[in-house]
Structures are given as structure tokens and as C-alpha cells.
There are 2 protein chains.
Amino acid sequence: MDAHSIKVACSSCNLRELCLPMGLSHDEMNKLDHVISTRKRIKRGTALFNTGDRFTSLYAVRSGFFKTCITTADGRDQVTGFQMTGEIIGLDGIVSDQHSCDAIALEDAEVCVMPFDQLETLSREFNTLQHHVHKIMSREIVRDHGVMLLLGSMRAEERLAAFLLNLVQRLHARGFSQSELILRMTREEIGSYLGMKLETVSRTFSKFVEDGVIEVKQRYVKILDTEALKRIVNPQVCN
Amino acid sequence: MDAHSIKVACSSCNLRELCLPMGLSHDEMNKLDHVISTRKRIKRGTALFNTGDRFTSLYAVRSGFFKTCITTADGRDQVTGFQMTGEIIGLDGIVSDQHSCDAIALEDAEVCVMPFDQLETLSREFNTLQHHVHKIMSREIVRDHGVMLLLGSMRAEERLAAFLLNLVQRLHARGFSQSELILRMTREEIGSYLGMKLETVSRTFSKFVEDGVIEVKQRYVKILDTEALKRIVNPQVCN
DNA sequence: CGGCACCTTGAAACCGATCAAAGGGTGTGG
DNA sequence: CCACACCCTTTGATCGGTTTCAAGGTGCCG
């Protein structure tokens, strides 16, 4: 049991510089360890939670890769985000005590379960933690605004370029390559996130390959010319 | 001075059922009164804050109407939201201690200034307030996801119909008509929010008028057939 | 009353969607 | 271990909705 509790401790987690405990003191982190007492495994293709599920906890991605998506009555759906290691899932549930999206694992995954009432209690004790929770929520809001910009005013090539740059930047922060990545999602899921059809996603990939900007082999993508991608996102930087 | 502090008190504000103090006890509201010690007037067309401004406070709209928008290096911009009475502006600033969007008054407005560090301090004292702040942030996230759905997978008519229904619903919650409204923003601003050009917004309004769904005279809009608008948003509800 | 900002409407161009078909990969069961 | 099935992806051709370009109209404010 003691061994087990060490196993799930933030204080001994190699993600602590990326994840919720970022910036907490030793003391604070030990307290946090008691809040985050359980982990949960989610098999590829299954849900961490579904729309309408009662909200109880936030989840920190320990390993694996998720998408969150909302589905309308008439069957359309929209991927609202992709979450990787160290990122927090479930903030949507706070407002109405139930989740307003589905969180689906795109590969076998493990999350740390953080009962939200306990997190609130501890937040009242430590202003560092409190402020950190606020920052995480604010970060999500700012990210969403960026996606709105992308969906509202970018063309297909710009969207995909922005998407790739964002992915690779987040992966790089986790110690992976700046230029190579494996996509964990299908063309259709990318399309849903970016507001385009899977055929358009595929065509745009092909276009980038023709232009020598990237290399693609199925889910593997290699960025050959980062600057070119940046220029695609921001066409007239020099005006 | 005492008279003045009463004037800006949440406890005597007629918006307290809509705004931040919603659900707080008398005692808690009195404490909150000390946090929200100032109001600020913003003239039509001017900014409450701009991108890059240092973040210090959240703002509750006391009167008037705002838009928030982000602008890219190459001059494109995206309206990320419209805020009316009782709604909170400034959550974007928490994550990086500076604002990541502009907040512009679309008519002469007044806001209550809530220094965020004081709000955090008080939040640590009252879990009702703490949870309420979390809900406000979560609500913004859920709203943003809805906009992503709209931008990512709806056609022009659906977007505008959803927009009108949303506006009128929020106005109704504030005691205004369920069927009539005055738009505080231009066609271009509507278009920016909905990811379409101002001409398309105008054409879509005209289409709705032709179909007898609404009546439009400049900024004045009267909804003649709410059900029809709902059907436009959700085309095949009966399948 | 004149200027200006905003709005409407038309015609043509274009981008991405749709429809269609065929070509890989991968995983499971024989 | 191989084969088949299924899913994912690519590519082509056509279609359609939105944008773009353009011109004219309306209302408001100084």
C-alpha cells in the first residue's frame, strides 16, 4: 500500500514539471499526493467519460493520447481538442456538474484521477495551487480562442500548417523531436478538429509533400521546412 | 465615501442574481463588496484592455455591451465573444499575466473592477465563491467549444440562426423580449464571430426575411418564428 | 445638408465539399 | 504464418456555397 501510494505520487512523477504540480513546493506536492490517489487505465478507442456523465474529477494524462469531442442531436460532431501527456481533461464538467463532451483515448492510456472537491479544498489552503488551477483553466480558454481564429479565418493549408506546428511544439516540450511525429488520430479526426473534410486533409498533406515542406508516410510525419510552415500560417508577415 | 462604497456594492446591485455574486450568502456578499471597490466607464469604441496589457483584474459588465477579439500579425482578426450585462471579461489574462485579446465597448459601458489577487484571496476563504469562479471559467470553456462546433461544422444559415437564438436567449434572461432585439454590433463583427464575410451575413439576414422567419430594420431584429430558427440550426431533428 | 460609415444586392471566381473508386496497412482468425 | 477483411487513405471529377469584387442605397451625425 505504501509502495502503491508512492507509485501514484506526483512528487515522484517524471511529469511533475509539465503537469498540475508544476511550480509547487515539496510540501505542497506531498499534500497533492493525497488528493491524486488513483490512476485509471483507458483502452484505445474507449471513453474516459461521455457527455452527460456526472462530473467528479479532473484527469491528468499520464500516458497515451486523447481527443475530446462534442456531438449534436443530428449526429454531427466536432473534435474540440487533442490532449497529450501532462495535459488536463475534464474542465468542461465543472459548470453544470456533468460533462459536456466525450473524452476518448486514441491509444491505450493512463490518467491520474483528481477528485475536484478535494482539489478545491487543497486550493483554498495553498495559493500556489489555487493560482495554478486558475492558470490551467485560463490556458484552455486562450487555446480555444486560438482555435476559433483558426476555424474562423484561416484557409485549409493554414489550418493544417498551424496544427502541425502546434503538435510538434507540444511534443518537443515533452522531449520528442522538433521535426518528426506520429499522428495518433485519423485524417477524419484531424479534419473534424480543423473544420475540414478528411479528403481535404489528405489533399493538403499531399500538397505539402509536393512542395517539399513535409514528408508523410501514413501516420508518420517529418517536417522538412519549419519556416515554410510558419510562412503558410502567417502569409504576409513582411507587409 | 460611504455613500460611494454603497453605490458600487454587489449587495445592492440589481445584477447580483446574474453576475459574480450569484448564490452567495449575505455575509459573503458583504466581503465581496470590499473586493469590488471601483467601477470604470468605457466609451463606445474604446478598449477596456488591449492585447499585451498587464492582467490585474476581471471585469463584470455593469452596463453596455462588449466584444473581445484577437488580431494576428498579418491583420486578420477574430471576434471571440460578445459580452453583455452581468458577464465576466478578462479570464484570458490569468494564464500569462497579460491579456491575449482586446476588449472593446460597442456602446458606452460601465464595468465593475475585480482585482484578481483579492478575488483569489477571498476565494480561499469562501468555498461558495471559489466554486463560483471555477464555474464561470468552465462556462466560458463550454461556450467556446460550442463556438468551435459552430465554426467547424455549420453552414452560414445555421450559424446565423444559432447566433440569433443565443443572443435573444441571453437577453431574455436579462428581462428583455424573447423575440425582439437591437444588434449592438455591425454585420462585419457578426461575420468575424461566425467565420463569414459581412456580405454573407447580410445575404443570410435577407434570406431569413424572405422566408418570413425574421424581420430586420438595420440593427433591429424581430424573430417571427423561433421554431423555424431552431429547425435551421438542427436540420434533421426528426430522423 | 453633406459626408461617412454601414448595409444591401448582383455577378463571377474559387475553394473546399461531395461523390466515386481504387490502393495500402494492419490485425485477427484460420 | 498467411490470407482475408476492414478501415484508413489517396486521388480524380464535379458540384455548390461562400468569397470576392463592384456598385448603389440607407441612415445618422456634425
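A note on names: the letters A, B, ... follow the listed sequences, proteins ahead of strands, and every chain is numbered from 1.
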Does A:Lys43 have any salt bridge (Lys or Arg N to Asp or Glu O under 4.0 Å) partners at least two apart in sequence or in another chain, and if so, which?
A:Asp108
Which pairs with one or both residues in residues 210-222 of chain A pass salt bridge (Lys or Arg N to Asp or Glu O under 4.0 Å), sequence neighbours excluded?
A:Lys207-A:Asp211
Could you state the CD-P distance from B:Glu188 to D:dT19, rounded to the nearest angstrom?
13 Å
What is the distance, rounded to the nearest whole Å, between atom CG of A:Leu106 and atom P of D:dC7?
17 Å
Nearest whole angstrom, please: distance from the P of C:dC6 to the CZ of B:Phe205.
16 Å
Calculate the interatomic distance between B:Tyr220 atom OH and D:dG27 atom P; express it in whole Å.
16 Å
Answer yes or no: does a side-chain N or O of B:Ser206 lie under 4.0 Å from OP1 or OP2 of C:dT9?
yes
Contact state string [nucleotides 14-25 of chain C, B base, S sugar-phosphate only, - no protein heavy atom under 4.0 Å]
-SSSBB------
Using atom CG of B:Leu194 as one end and atom C1' of D:dG17 as the other, report the distance to the nearest whole Å.
16 Å
B:Arg203: what forms a salt bridge (Lys or Arg N to Asp or Glu O under 4.0 Å) with it, not counting sequence neighbours?
none
Using the salt bridge (Lys or Arg N to Asp or Glu O under 4.0 Å) criterion, which residues pair with B:Arg155? Sequence neighbours excluded.
none
Scan residues 88-107 of chain A for pairs that pass ring pair (Phe, Tyr, Trp, His ring centres under 6.0 Å), counting only residues two or more places apart or in two chains.
A:Phe49-A:His99, A:Phe55-A:His99
When we call it a touch if two heavy atoms are under 4.0 Å apart, what does B:Ser202 touch: a base, just sugar-phosphate, or nothing?
base
Give the rounded distance in Å between these two atoms: CD1 of A:Ile190 and P of D:dC8.
13 Å
What is the distance from NZ of A:Lys207 to P of D:dG12, rounded to the nearest Å?
15 Å
Under 4.0 Å between any heavy atoms, over every strand shown, what does B:Arg159 touch: base, sugar-phosphate, or nothing? Just pick one.
nothing
So, B:Arg76 side chain and A:Ser153 main chain: donor-acceptor pair closer than 3.5 Å or not?
yes
side-chain hydrogen bond (donor to acceptor under 3.5 Å, both in side chains) filter on A:Tyr193, not counting sequence neighbours, yields A:Arg143
The helix from C:dC1-D:dG30 to C:dG30-D:dC1: angle between end helix axes, five pairs per end, rounded to 10 degrees:
40°
How many Å lie between CZ on B:Arg76 and P on D:dT20, as a whole number?
11 Å
Take A:Met137 and B:Ile136 through the side chain to side chain contact (heavy atoms under 4.5 Å, CB included) test and state the conclusion after the steps.
CA-CA 10 Å; A:Met137 300 190 79; B:Ile136 285 169; over 6 Å; no
Does anything in residues 177-195 of chain A pair up under salt bridge (Lys or Arg N to Asp or Glu O under 4.0 Å), and if so which pairs, sequence neighbours excluded?
A:Lys67-A:Glu189, A:Glu107-A:Arg184
